[in-house]
Amino acid sequence: NAGVMQNPRHLVRRRGQEARLRCSPMKGHSHVYWYRQLPEEGLKFMVYLQKENIIDESGMPKERFSAEFPKEGPSILRIQQVVRGDSAAYFCASSPRLAGGSNYEQYFGPGTRLTVT
Amino acid sequence: AQTVTQSQPEMSVQEAETVTLSCTYDTSESDYYLFWYKQPPSRQMILVIRQEAYKQQNATENRFSVNFQKAAKSFSLKISDSQLGDAAMYFCAYRSEGGGGADGLTFGKGTHLIIQP
């Protein structure tokens, strides 16, 4: 039973390029969350998606960042025109249950470390 | 908005001894979930223990237990019989129970746990 998968594990981009981070949730999970971890910090929530819907994007920067979770395929976090401040670890988590489920848990992937040079 | 505070950036304990990591949080909600996650050098986020706010009984998972004080908004993690493999960053996290899309976890900044052999 494969866990949450993220790729690539490491991504290097020059300033101004685009970064695309992929997340495949655990089998049977239809809820995906993206978090960002800056050096020496805890994880910060960015966005919560269900298949084909963005449910909560309150943590997403207003510009350059977007996320999708299509009906088929992985969830994508896209960062346009990257800047050095975007360098961080980006984690994806998935969940099998709707909000309020009593045994609700988020299962994390191994993260993608983005370095902007 | 909820906040989670971990006041100990680093803790050190001798192998086989007991250590307690502190966490406080601020919320106006009555129903919520609290979590402790472990992040070893591999950076994989691993769920250690979970507590539902409506449960008075403190959660326990083998050598890991919590002291949940709802009125004081305190959620400390006790690790008994510390092992070298326990060395990691430990993050306290909060999640609303009420749904409505507010499902992202709010994390503290973490405590770096060092195990002395």
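Naming: A, B, ... by sequence-line order, numbering from 1 per chain.
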Chain A contact via B:T106 - side chain, backbone, both or neither, heavy atoms under 4.5 Å: neither
Sequence-distant partners of A:H10, side chain to side chain donor-acceptor pair (under 3.5 Å), two or more places apart: none
Heavy-atom contacts under 4.5 Å, residues 107-117 of chain B to chain A: B:F107, B:G108, B:K109
Exam field: side chain A:N7 to backbone A:R22, donor-acceptor pair closer than 3.5 Å: no
B:W36: which of B:L77, B:I79, B:L47, B:I46 passes side chain to side chain contact (heavy atoms under 4.5 Å, CB included): B:L77
Ring centre gap for A:Y35 and A:F108 strictly below 6.0 Å: yes
Region of B:Q6 in contact with chain A, defined by heavy-atom distances below 4.5 Å: neither
Stepwise side-chain contact (heavy atoms from CB on, under 4.5 Å) check, A:S30 with A:Q50: CA-CA 6 Å; A:S30 58; A:Q50 295 176 19; 5.7 Å; no
No-hydrogen, no-angle side-chain donor-acceptor test under 3.5 Å, A:Q81 and A:Q17: no
Residues of residues 110-117 of chain A contacting chain B, heavy-atom criterion under 4.5 Å, by residue number: A:P110, A:R113
B:Y33 ring center near B:Y94 ring center (under 6.0 Å): no
Results of salt bridge (charged side-chain N to carboxylate O under 4.0 Å, His left out) for B:K73 - residues two or more places apart only: B:D26
Non-hydrogen side-chain atoms of A:Q37 and A:K44 separated by less than 4.5 Å: no
Main-chain N/O of A:E68 paired to A:S75 side chain as donor or acceptor, under 3.5 Å: yes
